[in-house]
Trainee: 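This is the structure, below, for whatever I ask next.
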Amino acid sequence: MDSVTVIKHPLVQHKLTIMRKKDTSTAGFRRLLREISTLLCYEVTRDLELTMAKIETPLEDIEAPVLEGKKLVFASILRAGNGLLEGMLDLVPSARVAHIGVYRDHETLEAIEYYFKAPEDIGNRLVIVVDPMLATGNSSIASVEKLKERGAKNLRFLCLLAAPEGIRNFQEAHPDVPIFTASIDSHLNDKGYIVPGLGDAGDRMYGTK
Ligand SMILES: O=P(O)(O)OC[C@H]1O[C@H](OP(=O)(O)OP(=O)(O)O)[C@H](O)[C@@H]1O
Ligand SMILES: O=c1cc[nH]c(=O)[nH]1
Ligand SMILES: [Mg+2]
C-alpha cells in the first residue's frame with residue numbers, strides 16, 4: 001500500500017478513539033470531526049508549494065513565503081464529507097470548494113450520484129477529495145472519476161477511516177491518487193460497514209438513522 005499515508009499524530013488518534021465510542025453525542029462527534037479535520041489538513045498539505053511575496057514588517061521590507069490557496073480545491077463527498085470540509089476551510093479559507101452528491105445504496109452498496117458542482121478550471125489546481133469513510137471505495141472511486149471527467153489531474157483523497165478492501169479497490173481504479181487516512185481498520189462486515197469503524201458517519205454527524 002505504497003501511496004497510503006496513515007496519520008498517526010497522537011491528537012488525531014486520541015480524537016478518533018472518542019469518535020468511535022458509541023456513546024459520543026451527535027454534537028460531540030461533529031465537534032471532534034471538525035477538530036480532527038484541521039489536523040488531517042495539516043498533514044495532507046504538508047508538501048504544498050510556497051511562493052515568495054513582498055511584504056512590509058514594522059522593521060523592514062522582506063520577501064516571505066505564502067501559500068496560493070486559490071490553487072487548491074477541496075472536494076467534499078456529501079453528506080459526511082462536509083464534516084471534514086469545515087475544518088479544512090478554517091485552515092485554508094481561500095481554497096475553492098467542489099461538492100459531489102453521492103450516497104451508497106444500502107442493498108447493492110453501489111454509489112448513486114445526485115449532485116455535482118465544481119470550480120471550472122480544476123485542471124490547474126490540486127484537488128483534495130474528502131470523505132470520512134472509505135469502505136468499499138464505490139463512492140470515492142465514482143467521485144474521483146467525475147472530477148477527472150471534468151478535467152482534474154492532480155488529486156489526493158483524505159479520509160478518517162479506511163478498510164483494506166476499499167484501499168485496494170480505490171488504488172486499482174485510481175493508482176495516481178494518494179490516500180491519506182487516520183486508520184486502516186480490520187475489514188468490512190457483510191453490510192459493507194467498516195469494522196471496528198465508527199458506524200455511519202453521516203448519521204452520527206447529523207443525528208439521522
Ligand atoms: O466506500 P463506500 O462503500 O462507498 O462507503 C463510504 C461512503 O458511505 C458514506 O456515505 P453514505 O452513503 O452513508 O452517505 P451520507 O454521507 O449521505 O450519509 C460515507 O460518507 C462514504 O461516502
Ligand atoms: O462503516 C461505514 C461504511 C460506509 N459509510 C459509513 O458511514 N460507515
Ligand atoms: Mg451515511
Trainee: Indicate, with yes or no, if V4 and V129 share a hydrophobic cluster defined by side-chain heavy-atom contacts under 4.5 Å among Ile, Leu, Val, Met, Phe, Trp and Tyr.
Mentor: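 Yes; V4 is reachable from V129 via cluster members.
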Trainee: Is there a side-chain contact between L32 and L16, using heavy atoms and a 4.5 Å cut-off?
Mentor: no
Trainee: D61: which residues meet the salt bridge (charged side-chain N to carboxylate O under 4.0 Å, His left out) condition with it, sequence neighbours left out?
Mentor: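 Not a single residue meets the salt bridge (charged side-chain N to carboxylate O under 4.0 Å, His left out) criterion with D61.
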Trainee: Start with the C-alpha gap between E172 and R168, add the side-chain angles, then the distance that decides, and say whether salt bridge (Lys or Arg N to Asp or Glu O under 4.0 Å) holds.
Mentor: CA-CA 6 Å; E172 212 176 294; R168 272 197 298 276; over 6 Å; no
Trainee: Would you indicate whether the side-chain heavy atoms of T26 and R204 approach each other to under 4.5 Å?
Mentor: no
Trainee: Answer yes if L155 and L78 sit in the same cluster of Ile, Leu, Val, Met, Phe, Trp and Tyr residues linked by side chain heavy atoms under 4.5 Å apart, and no otherwise.
Mentor: no
Trainee: With side-chain contact (heavy atoms from CB on, under 4.5 Å) as the test, would you mind laying out the steps for R79 and V102 before giving the verdict?
Mentor: CA-CA 8 Å; R79 291 174 298 172; V102 172; over 6 Å; no
Trainee: Which distance, rounded to the nearest 0.5 Å, do you find between the OG of S183 and the CG of L160?
Mentor: 8.0 Å
Trainee: Counting neighbours of CD on E63 that are heavy atoms of other residues, nucleotides or ligands and sit closer than 6.0 Å, is the number greater than 12?
Mentor: yes
Trainee: If we count only N and O atoms by modelled type, under 3.5 Å, do the side chains of H106 and K191 hold a donor and an acceptor together?
Mentor: no
Trainee: Could you go through H174 and K148, starting from their C-alpha distance and side-chain angles, then the distance that decides it, and tell me whether this counts as side-chain contact (heavy atoms from CB on, under 4.5 Å)?
Mentor: CA-CA 10 Å; H174 299 297; K148 285 182 174 174; 2.9 Å; yes
Trainee: Check whether any side-chain heavy atom of K15 lies under 4.5 Å from a side-chain heavy atom of L39, and answer yes or no.
Mentor: yes
Trainee: Go through T24 and K21 one step at a time and tell me if the side-chain contact (heavy atoms from CB on, under 4.5 Å) criterion holds.
Mentor: CA-CA 6 Å; T24 297; K21 288 177 160 183; 3.6 Å; yes
Trainee: Closest heavy-atom contact between A182 and V12?
Mentor: CB-CG1, 3.6 Å
Trainee: Measure the CZ-CD distance between R150 and E120 for me, rounded to the nearest 0.5 Å.
Mentor: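 So the gap between those two atoms works out to 10.0 Å.
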Trainee: Ignoring hydrogens and geometry beyond distance, is a side-chain donor-acceptor pair present between D203 and T208 at under 3.5 Å?
Mentor: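 A donor-acceptor contact under 3.5 Å links the two side chains.
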Trainee: Provide the closest heavy-atom pair for V97 versus P119 in the form atom of the first, atom of the second, distance.
Mentor: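 Looking at all heavy atoms of both residues, the shortest contact is O-CD, 3.6 Å.
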Trainee: State, yes or no, whether a side-chain contact exists between I167 and I179 at a heavy-atom distance under 4.5 Å.
Mentor: yes
Trainee: Between Y193 and R104, is there a cation-pi geometry (under 6.0 Å to ring centre, at most 45° from the normal)?
Mentor: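 R104 over Y193 ring: yes.
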Trainee: If you apply the rule salt bridge (Lys or Arg N to Asp or Glu O under 4.0 Å), what do you find for R96 with D121, and how did you get there?
Mentor: CA-CA 10 Å; R96 301 309 196 228; D121 51 347; over 6 Å; no
Trainee: So for atom OH, which belongs to Y206, do other residues, nucleotides or ligands contribute more than 12 heavy atoms lying within a distance under 6.0 Å?
Mentor: yes
Trainee: Hey, quick one: are V66 and Y42 part of the same hydrophobic cluster, counting side-chain heavy atoms closer than 4.5 Å, chains of contacts allowed?
Mentor: no
Trainee: Does the side chain of L40 come within less than 4.5 Å of I7's, by heavy atoms?
Mentor: yes
Trainee: Return the minimal non-hydrogen interatomic distance between P132 and C159, and the atom names on each side.
Mentor: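 Answer, listing the atom of P132 first, then C159: O-CB, 3.6 Å.
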Trainee: With a 4.5 Å heavy-atom cut-off, do K153 and D176 have their side chains touching?
Mentor: no
Trainee: If you measure from CG on D131 to CG on L134, what distance do you get to the nearest 0.5 Å?
Mentor: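 Between atom CG of D131 and atom CG of L134 there are 8.0 Å.
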Trainee: Please assess R46 against E43 for the test salt bridge (Lys or Arg N to Asp or Glu O under 4.0 Å), listing each intermediate value before the final yes or no.
Mentor: CA-CA 5 Å; R46 179 178 277 282; E43 292 295 338; 3.0 Å; yes
Trainee: OG/S186 to CD/E165 distance, rounded to the nearest 0.5 angstrom?
Mentor: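 These two atoms lie 8.0 Å from each other.
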Trainee: For R156 and F180, which heavy atoms make the closest approach, and how far apart are they?
Mentor: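 That closest heavy-atom pairing would be CD-CE1, 4.0 Å.
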Trainee: Specify the closest pair of heavy atoms between S76 and N82, including all atoms of both residues, with the distance to one decimal.
Mentor: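 Where S76 meets N82 most closely, the heavy atoms are OG-OD1, 2.7 Å.
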Trainee: Report the C-alpha separation of L198 and F29 in whole Å, then their side-chain angles, then the decisive distance to 0.1 Å, and conclude whether the side-chain contact (heavy atoms from CB on, under 4.5 Å) test is met.
Mentor: CA-CA 10 Å; L198 49 71; F29 189 91; 4.0 Å; yes
Trainee: Check for a donor-acceptor pair, side chain of T57 on one end and backbone N or O of E60 on the other, with a separation under 3.5 Å.
Mentor: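 Present.
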Trainee: Return yes when atom NE2 of H14 has more than 12 non-hydrogen atoms of other residues, nucleotides or ligands closer than 6.0 Å, and no otherwise.
Mentor: no
Trainee: Provide the full list of ring pair (Phe, Tyr, Trp, His ring centres under 6.0 Å) pairs with a residue in residues 115-167, sequence neighbours left out, each pair given once.
Mentor: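 Qualifying pairs: F157-F170.
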Trainee: By salt bridge (charged side-chain N to carboxylate O under 4.0 Å, His left out), which residues pair with E86, not counting sequence neighbours?
Mentor: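 By the salt bridge (charged side-chain N to carboxylate O under 4.0 Å, His left out) rule, E86 matches R34.
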Trainee: Of all heavy-atom pairs between C41 and V92, which one has the smallest distance, and what is that distance?
Mentor: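 Where C41 meets V92 most closely, the heavy atoms are SG-CG2, 4.2 Å.
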Trainee: Under 4.0 Å between a side-chain nitrogen and a carboxylate oxygen: does that hold for R20 and D185?
Mentor: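 Yes, R20 and D185 are salt-bridged.
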Trainee: In this structure, would V44 and L67 fall into the same cluster of hydrophobic residues linked by side-chain contacts under 4.5 Å?
Mentor: yes
Trainee: Please say yes or no: joined through hydrophobic side-chain contacts below 4.5 Å, possibly via intermediate residues, are V130 and L89 part of one cluster?
Mentor: yes
Trainee: At what distance, to the nearest 0.5 angstrom, does CG of D23 lie from CD1 of I18?
Mentor: 12.5 Å
Trainee: Nearest 0.5 Å, please: how far is CZ in R31 from CE in M205?
Mentor: 14.0 Å
